[in-house]
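Everything below concerns the one structure shown next.
As the structure lists them, so they are numbered: ligands from 1, and atoms in each ligand from 1.
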Amino acid sequence: MDQGPAITGKSIPRIDGPVKVRGQAKYAAEYDVADLLHAAIVSASIAKGRVISIDAAAAKNFPGVVAVLTHKNRPWFWPFSFLYKDLAGPPGKPFRPLYDDRVLFSGQPVALIVADNYEAARDAAALVSVSYEREQHATDLAVEVSKAYKPPRHRLGLAPTPHPTGDADRAFLASPVKVEASYTTAAENHHPMELFATTVEWSDKIVTVYDKTQSPKSVEIFLKVALRLFRRKVRVVSSFVGGAFGLGLRPQQSVILAVLAAKALKRSVRLVLPRDHMFALGYRANAIQTVSLGADENGRLLAIKHQAVAATSQSEDAQDPMLNFSASLYRCDNVKLTYQLAKLDTVSPCDMRAPGAATGMFALECAMDELAYAINIDPLALRLANYTERDQSENRPFSSKALRECYLQGAERFGWAKRSHAPRSMRKGKELIGWGMATGVWEAAMSPAPARVKVSLLADGRFEVTTSITDIGTGTYTILTQIAADALGAPRERVVVKLGDSALPFNPIQGGSWTAATSGSAVQAACDKLKKKILLRAKQTGIVGNGQATELLSPAALADLLKLSGSDNLSATATIINVKFGKKYASATHSAVFAEVRIDEELAVVRVTRLVCTVAAGRILNPATARSQIIGASVMGIGKALYEDAATDHNLGRCMAHNFADYHIPSNADVYDIEVLFVEETDDKVSPIGVKGLGEIGSVAVAPAIANAIFHATGQRMRDLPITIDRLTRLSD
Ligand code: MOS
C-alpha cells in the first residue's frame with residue numbers, strides 16, 4: 001500500500017470539520033421527514049403531588065393540533081422498574097414521562113401537544129390547564145442533609161466508596177497540624193449547544209429515530225422493550241451530536257415522548273426540548289462536603305477524612321464517584337470516606353463531565369491548599385511531599401502515572417517559582433493577582449460493554465470502518481480514521497468512518513472517557529485482521545507473489561482483488577472485551593492545573609487570566625483534538641468556579657433559571673489564555689493501544705485551582721461554589 005508516515009499521534013484536522021462548518025452535518029432535529037408532526041411539552045408547575053385533571057379542550061381546538069397526549073391516553077409503557085436499571089446507560093431508572101399522575105419534580109412533562117407545525121404545538125401547549133393535588137416538597141439540600149443516608153446498593157459498574165484504612169479519626173486528633181473545613185458546590189446543568197431533540201420517522205416495518213444521544217444502541221434497546229417496539233425494526237441514528245457531557249447517556253425525555261406520540265398516532269413526529277427545559281432534564285448533584293486533613297510539621301499527611309452529602313431524587317439513589325479519588329491520590333495511611341445522599345423533589349441528578357470527581361476533588365484540593373498555608377509551605381511542594389506511586393486504597397501500582405512530570409512541567413511553564421507565597425502579595429494597579437494550583441485525577445477506563453468494529457474494503461479501494469458508537473464532538477471520527485489508516489497502511493483519504501447508528505456493529509455509550517481506548521483498540525484489531533486477510537487472498541488469487549504488499553495494495557490492485565474474490569467481500573470484524581488487567585494495576589489519568597486570577601479590588605470582578613493545564617493520559621492520538629477536549633473542559637471548570645448555579649426557589653421548588661441570562665456560563669470574554677501540555681505516558685497495560693482517554697480529566701482540577709488562586713489574591717478562603725461577586729466581600733480594607 002502507498003504507506004506514508006504514520007498519522008496517529010499527529011495533529012491532523014478534524015475529519016468532520018468541513019461538513020460541520022458547511023452545515024452539512026445533520027443533527028437530530030434537522031432530518032427531513034415526510035408528513036412530519038411537531039410536538040411541544042406542557043410541564044408541571046408544582047414540584048410534588050398528583051395531576052387531578054387536565055383540561056386540554058382549548059388546545060385540541062387550536063388550529064393545527066392533532067392530538068394531546070397525557071398519562072391517560074399514552075401508549076403502553078413497560079410497568080416494572082427493575083428492567084430499566086440495566087437497559088440503558090448508567091444504572092438507575094431513566095425518567096418515564098407521562099407514566100402516571102405522580103408529579104416528581106417541577107418542570108416534569110405532564111402533557112404533549114402534537115400539531116402539524118411547531119408554532120401551533122407550542123401555542124396550544126400554553127392553553128392546557130392542569131389541576132394538581134399539591135404535596136409539601138423538599139428541594140433544599142441544606143435542610144434535607146439532616147436526613148442523609150448511605151446508598152443501600154452502590155451503583156452497578158461503579159467502584160464503591162473505598163473502605164476506611166487505618167484509624168483516621170484517631171490519627172486526625174493526634175496530628176500536629178489539622179485543617180477541617182466544609183465546602184458546598186451548586187447544582188449545575190448541562191447546556192450542550194444542541195438541544196435534546198428527536199425526529200421519529202414512523203412506518204409499520206421500521207421506525208427510524210434520529211436522536212441526540214450518547215448511545216444509539218442503548219436507545220434502540222430501550223425503545224424496543226420499554227415501549228414495546230420489539231416487533232418492528234428500530235434504528236436509532238445520531239451521526240452528529242452537538243455536545244453531550246453525560247445527560248445523553250440515558251434515553252432522554254425527548255426520545256421517549258416523541259416515540260410515544262409517533263406510536264399513538266402512527267405518524268412521524270419531531271420533538272425539540274426548548275432551552276428552558278434543560279433545567280428539568282438532569283443536573284450535576286449539588287453537594288455539601290467536609291474535609292479533615294491531619295499532617296506532621298513537614299506536611300506529610302497523617303489522616304484524610306472526607307464526607308459528602310450529595311443531592312438525589314425521590315425516584316433513585318443517583319451516585320457518582322465523588323470521594324473515590326480521595327483514597328488514592330495521596331500517600332496516607334489513615335483514610336475515612338463517608339458518602340451519603342439526600343433525597344430532593346427534583347429530577348434525578350445525572351452524570352456530568354468527570355461526574356463526582358469534579359465535585360469531590362474541589363473540596364480535597366482546596367483543603368490541601370488550606371493545609372499548605374497552615375504549615376506555611378508551597379502548595380505544590382505539599383503535593384510532592386505526599387506523592388504516591390501506588391494506589392493507596394487498593395495497594396496496587398499504577399499502570400502508569402506521570403503526575404510528577406505534570407506538576408514539574410506545568411510549574412515550569414507557568415512560572416510558579418516566581419510566586420510569592422503570602423496572600424495579597426501580588427498585584428498590578430488596582431488588581432490583586434493570585435496564583436493557585438490543584439491536582440486532577442480521573443479513571444482510565446475501558447467500556448464495560450464489548451465494542452465491535454467492522455472494516456470493509458470497498459469497490460473503489462477505500463476502506464469503510466463502522467461501529468454504532470457516536471462522536472459527541474470529542475474527535476472520534478478523526479482518531480478512528482488515523483488509527484485505521486495507519487493499521488491498514490492506507491492514506492487517510494481512503495478511510496471512511498461511519499458512526500452513530502444502532503444498525504452498525506454493537507458498540508454502546510460514548511462516555512466515561514473510554515471511547516478512544518475502547519473503540520480505537522477495536523479498530524486497530526479489525527484493521528490488522530483485514531490486512532492479513534487481504535494479503536492472504538492476494539497470494540491465493542495469484543495477484544502477486546510474496547513480499548510485494550506495497551504494489552498490491554494500490555486501489556487498482558485492490559479492485560482487481562475484490563473482483564477475483566467474487567461475492568466473498570473482504571471485511572473483518574473485531575470485538576474488544578474489557579478484560580481488566582486483573583487486580584494487579586490501578587489506572588488513572590492525572591492533571592496539574594495552574595491558574596492565575598486578577599481581581600478588581602473595588603468591584604470584586606474575577607478574571608481567570610491564565611490557565612496552564614498539564615495532562616497525563618497515556619498515548620495522545622491527536623494533540624489537536626485532545627487539546628480541544630482539555631480547553632472545553634477547562635471552560636466548564638471556569639463556569640463551575642465562578643458562574644454556574646442552578647439555583648432553586650424553595651417556595652416553588654423550581655429552578656429559577658430558564659435561559660442563559662439567569663444561568664451564567666463563561667462567554668468568550670470570560671476566557672483568556674488556556675495552555676495545554678500533555679505529558680505522554682507509555683502504557684502497555686491500560687488498553688491495547690496505550691490510550692487512556694481524556695474527555696473528563698480536563699474539568700477536574702480547574703475549579704479548585706481557581707478557588708486557591710482567589711485565596712492567594714485576596715486572603716479570603718472561598719469554600720462555596722460558584723464564587724460570585726457578592727460572595728467576595730470587602731477586598732479593599
Ligand atoms: Mo460522560 S459524564 O460519561 O458523558
**Study point:** Chi angles and distances behind the ring pair (Phe, Tyr, Trp, His ring centres under 6.0 Å) call for H191, F660
**Key:** CA-CA 9 Å; H191 279 290; F660 290 139; 4.9 Å; yes
Check your understanding: Does a donor on one side chain sit under 3.5 Å from an acceptor on the other, for K150 and T161?
Key -> no
Review point. If you measure from the Lys or Arg side-chain nitrogens to the Asp or Glu carboxylate oxygens, is any gap between D471 and R14 under 4.0 Å?
Key: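 Result for this pair is no, no salt bridge flagged.
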Review point. Should R250 and E316 count as an ion pair when the cut-off is N to O under 4.0 Å?
Key: yes
Practice item. Check L403 against S591 and note the closest heavy-atom contact, atom names and distance. Key: CD1-O, 3.6 Å
Exercise for review: Could you please provide the protein residues found below 4.0 Å of ligand 1 on a heavy-atom basis, arranged by chain and number?
Suggested key: Q214, F245, G246, L249, D351, M352, R353, P355, G511, G512, E696
Review point. N708 side chain to E365 main-chain N or O, any donor-acceptor pair under 3.5 Å?
Key: yes
